[in-house]
Every structure is written in structure tokens, then in C-alpha cells.
Amino acid sequence: MMFYKSKDFCMGLKVEIDNQPYTIIENKFISPGKGKAFNKLKLKNVINKSIIQKTIKIGTKLKSADIIFTDAIYLYNDQDIYFFINIKTKEYHEVLKDILLNEKKWLKEGLTYSLISWNKKIIAIKPPKFIELKVLSVNNVTEGTMTAKNLKHSMLETGISIKVPLFIKNNDIIKIDTEQEAYVARMN
């Protein structure tokens, strides 16, 4: 088991606080005129994505969170269980619907995702930065309903609704930025 000293704290570091894994997203070293110096941390929970702030005295140690990222291909789902296969070991992984949270909308058979494990248990998945999806339907836009940015709503094959440019039609394949949940380009 590894521990990090307060001098080692940096953005992206994975630590365990109150038996929960966190990623440090902001670290401020504060040295007041009176009293002892401390670190003010902003942390993001790896499991539920909540953000907390924590003040840590200089010299305090935090336990490292042994978080492992594994590349796996999404195969299929059977009701509330989603099946993936590890690219390297060919081992199958079952992921419960509750773990997927907001990422379920990016699942497409045959694509590679990162399975995030902590204490040998899958706690989350991370979709690729960009994904190509088929447009199932788009809203018809008339001259009177055009928006300032000339965008319209579309429904994609995974069930997510994204705003797309007016030239996008049904059955087009489009590239989506999964982090921004935004249209990037038409692929066909």
C-alpha cells in the first residue's frame, strides 16, 4: 500500500479518502502569515463524479487509490448486465447498469472503452473521446424556426439527442465529442 505526502499532491493524482477513490483536480498550497501551511484540494469522486473540497495539513499522508484502466470491447447487454471483453487477456467482464450512470448513452457494440477498476471491482467506464454514430431522425426546420446558430435536434442510434447543423439528414454518420456531447463532423 502506497501513501502520498502533502508535497506530492498534484492534479490527476488518485487518492483514497473515507474509503472512496478520488482524483485531485485542483491543489493550492497556502502558507498563511500565522499558523501552519496547508493544501486546499478540490477532489472528484471517481465513482459518482461528485466534487468535494478538503483542507490537508502539511505532513499529512493520503492513501493511494489503486485505480486501473483496462481497454475492453463492448459486446452486448442482457437486460441490466453489459458484457465487455478485455483486449489483451480476452477475459470477459460484466458491468451492471447502475455502474454505467451517464455513459450508457455512448455504448455501441464493437467499440473500445476503458473499464475503470478500484479494489479489483469495476466502478465506471470511460467512452472514447470521439465516437461515430448514425442519425436516426432529425427535426424538420423551416425558415421561421431557424435558430441563431442554425442547429436542429437529432436522435442518434444509441438514443441520445444532439444538436446538429441543418445539412445533417437521416442515416448520416456523424462524429461526436463524448466529453462535450457535441457534434464534430459528418463522416459520409
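These numbers come from the heavy atoms of this one structure, side chains and all, not from hydrogens, waters or symmetry mates.
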Tell me if the NZ atom of Lys36 is crowded by more than 12 foreign heavy atoms within 6.0 Å. no

Take a 6.0 Å sphere around NZ of Lys14 and say whether it holds more than 12 heavy atoms from other residues, nucleotides or ligands. yes

Going hydrophobic residue to hydrophobic residue with side-chain gaps under 4.5 angstrom, can you get from Leu41 over to Ile51? no

Rounded to the nearest 0.5 Å, how far does CG of Leu111 lie from CG of Leu75? 11.5 Å

Find the distance between NZ (Lys97) and CD (Gln79) and round it off to the nearest 0.5 Å. 10.0 Å

So with a 6.0 Å cut-off around CG of Asn188, is the heavy-atom count from everything else above 12? yes

Does the Tyr183 side chain pair with the main chain of Arg186, one donor and one acceptor, at a distance under 3.5 Å? yes

Under the ring pair (Phe, Tyr, Trp, His ring centres under 6.0 Å) rule, what pairs show up with a residue in residues 65-84, not counting sequence neighbours? Tyr74-Phe84, Tyr76-Phe83

When you measure from the side chain of Lys108 to the backbone of Glu157, do you find a donor-acceptor pair of N or O atoms at a distance under 3.5 Å? no

Verdict with reasoning, Lys49 to Lys44, per side chain to side chain contact (heavy atoms under 4.5 Å, CB included): CA-CA 6 Å; Lys49 312 292 188 234; Lys44 183 175 186 178; 4.0 Å; yes

Minimum-distance pair of heavy atoms, taken over all atoms of Tyr113 and Leu107: OH-CA, 3.3 Å

Determine the minimum heavy-atom distance between Ala37 and Ile58, stating which atoms define it. O-CG1, 3.0 Å

Could you check whether any side-chain N or O of Asn86 sits under 3.5 Å from a backbone N or O of Glu91, counting only pairs where one atom can act as donor and the other as acceptor? no

Neighbour count above 12 (heavy atom, 6.0 Å) for Lys54 NZ: no

Any heavy-atom pair between the side chains of Phe167 and Asp172 that's under 4.5 Å? no

Quick one: CD1 on Ile85 to OG1 on Thr89, what's the gap to the nearest 0.5 Å? 8.0 Å

Same cluster (ILVMFWY, side-chain, under 4.5 Å), Phe3 and Ile17: no

From Ile174 CD1 over to Ile176 CD1, what is the distance, rounded to the nearest 0.5 angstrom? 3.5 Å

Should Val15 and Leu43 count as side-chain neighbours, where that means a heavy-atom distance under 4.5 Å? yes

Kindly give the heavy-atom pair with the smallest separation between Pro165 and Leu151, and that separation in Å. N-CD2, 3.8 Å

Would you find a donor on one side and an acceptor on the other, under 3.5 Å apart, between the side chain of Ser64 and the backbone of Met2? yes

Assigning hydrophobic clusters by single linkage (Ile, Leu, Val, Met, Phe, Trp, Tyr; side-chain heavy-atom cutoff under 4.5 Å), is Val95 placed with Val46? no

Is there a donor-acceptor contact under 3.5 Å from the side chain of Asn48 to the main chain of Ser50? yes

ILVMFWY network linking Ile99 to Ile73, side-chain heavy atoms under 4.5 angstrom: yes

So, do Ser114 and Asp71 sit near enough that their side-chain heavy atoms are less than 4.5 Å apart? yes

Less than 4.5 Å apart, side chain to side chain, heavy atoms only: is that true for Ile160 and Glu181? yes

Would you kindly confirm whether Tyr92 and Leu115 end up in one hydrophobic cluster when ILVMFWY residues are joined by side chain heavy atoms under 4.5 Å apart? yes

Quick check: does any side chain N or O of Lys152 sit under 3.5 Å from a backbone N or O of Leu166, one acting as donor and the other as acceptor? yes

Looking only at heavy atoms, what is the nearest atom pair of Thr178 and Pro128, with distance? OG1-O, 2.6 Å

Spacing of Ile47 atom CD1 and Lys121 atom NZ [to the nearest 0.5 Å]: 7.0 Å

Does the distance from a Lys or Arg side-chain N to an Asp or Glu carboxylate O, for Lys129 and Asp177, drop under 4.0 Å? yes

Could you report the tightest heavy-atom contact between Leu156 and Leu133, atom names first, then the distance? CD1-CD1, 3.9 Å

Please give me the minimum heavy-atom distance between Phe29 and Asn39, naming the atom from each residue. CD1-OD1, 4.2 Å

Supply the atom-to-atom distance Thr112 OG1 to Ile131 CD1, rounded to the nearest 0.5 angstrom. 10.5 Å

Any Ile125 side-chain heavy atom under 4.5 Å of Ile116 side chain: no

Within the distance-only criterion (no hydrogens, no angle test), does the side chain of Asn170 pair as donor or acceptor with the backbone N or O of Val138 below 3.5 angstrom? yes

